[in-house]
Amino acid sequence: GNSVTQMEGPVTLSEEAFLTINCTYTATGYPSLFWYVQYPGEGLQLLLKATKADDKGSNKGFEATYRKETTSFHLEKGSVQVSDSAVYFCALKTTNTGNQFYFGTGTSLTVIP
Amino acid sequence: GAVVSQHPSWVICKSGTSVKIECRSLDFQATTMFWYRQFPKQSLMLMATSNEGSKATYEQGVEKDKFLINHASLTLSTLTVTSAHPEDSSFYICSEVKGANTEAFFGQGTRLTVV
């Protein structure tokens with residue numbers, strides 16, 4: 001079946017620290033992979049995505065590379081800011097499940113000044 | 001700008017009452033919309049798939065008589081939590097997907113608190 005396993009949090013970092021949030025997946029078919037971000041009190045927003053192996057998604061300094069060999073899509077940012085404090089969700093969608101998404105449990109990130 | 005509008009953003013209701021949540025597609029005729037529920041510190045769990053003009057498809061363990069979904073038009077899907085109880089307190093969020101290789105667009109979510 002389809003599932004996403006995401007690094008558990010919460011994660012607390014100092015401003016300008018390096019961030020990695022691990023995400024691995026299992027999927028039938030050929031998945032597209034996504035990272036969504038949820039700021040406090042808000043809905044989910046797409047952060048970045050990759051639709052095929054070796055693609056790199058990037059946005060706002062965040063990036064993630066679709067690694068088929070390790071079935072991973074780890075999220076990274078070289079220097080986090082206080083405004084990056086949010087919950088991050090890894091998700092996948094496969095061609096054989098229509099438009100249904102499968103989400104990881106979410107990782108809460110707090111960046112302190 | 002937003003492509004999915006969800007209303008209300010928060011609601012407090014008394015136990016035993018019903019609450020209706022609306023999810024409106026602003027720029028796309030969505031034949032399918034998805035309803036998720038998120039408990040504190042947990043991920044989004046798909047509750048049901050809302051299909052325009054037909055019955056919704058519910059995930060295992062979701063009571064269809066309690067969570068009534070109506071998708072009467074291509075731009076509006078509603079979720080009604082009937083006879084709400086405190087354990088129904090959660091964050092409910094809808095989404096639409098425009099095509100096979102695109103991301104999901106989410107509504108702002110509705111924080112339901114049943115007292």
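No hydrogens, no waters, no symmetry mates; every other heavy atom, side chains included, goes into these values. Protein chains get the first letters and strands the later ones, always in sequence-line order, with residue 1 at the start of each.
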Could you check whether atom [atom1] of [X] has more than 12 heavy atoms from other residues, nucleotides or ligands sitting under 6.0 Å from it?
X     : atom1 : value
B:E59 : CD    : yes
A:E16 : CD    : no
B:H85 : NE2   : yes
B:F39 : CZ    : yes

Legend entry - Within-4.5 Å side-chain heavy-atom neighbours: A:F101 and B:F34: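 No, every pair of side-chain atoms sits at 4.5 Å or beyond.
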Inset, instruction - Under 4.5 Å heavy-atom distance to chain A, tell me which part of B:L44 shows up: side chain, backbone, both or neither. - result: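 Looking at B:L44, backbone and side chain both touch chain A.
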Inset, instruction - Select one option (side chain, backbone, both, neither) describing which atoms of B:Q6 are under 4.5 Å from chain A's heavy atoms. - result: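 Neither part; nothing is under 4.5 Å.
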Inset, instruction - Considering only Ile, Leu, Val, Met, Phe, Trp and Tyr, and joining two whenever side-chain heavy atoms are under 4.5 Å apart, list the other residues clustered with B:W35. - result: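 When side chains under 4.5 Å apart are linked, the cluster holding B:W35 also contains B:V11, B:V19, B:I21, B:M47, B:Y58, B:V62, B:F67, B:I69, B:L79, B:V81, B:Y92, B:L112, B:V114.
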Inset, instruction - With side chain to side chain contact (heavy atoms under 4.5 Å, CB included) as the test, would you mind laying out the steps for B:F106 and A:Q38 before giving the verdict? - result: CA-CA 11 Å; B:F106 289 85; A:Q38 183 180 34; over 6 Å; no
Inset, instruction - Sequence neighbours left out, what pairs pass side chain to side chain donor-acceptor pair (under 3.5 Å) with at least one residue falling in residues 103-113 of chain A? - result: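 Residue pairs with at least one partner in residues 103-113 of chain A: A:Q6-A:T107.
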Legend entry - Under 4.5 Å from any heavy atom of chain B - which part of A:L44: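 When you check distances to chain B, atoms from both the backbone and side chain of A:L44 fall under 4.5 Å.
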Inset, instruction - Using non-hydrogen atoms and a 4.5 Å limit, figure out which bit of A:F103 sits close to chain B: side chain, backbone, both or neither. - result: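 For A:F103, the contact with chain B is made by backbone and side chain together.
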Legend entry - Donor-acceptor pair, side chain of A:Y36 and main chain of B:A104, under 3.5 angstrom: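 A pair under 3.5 Å: yes.
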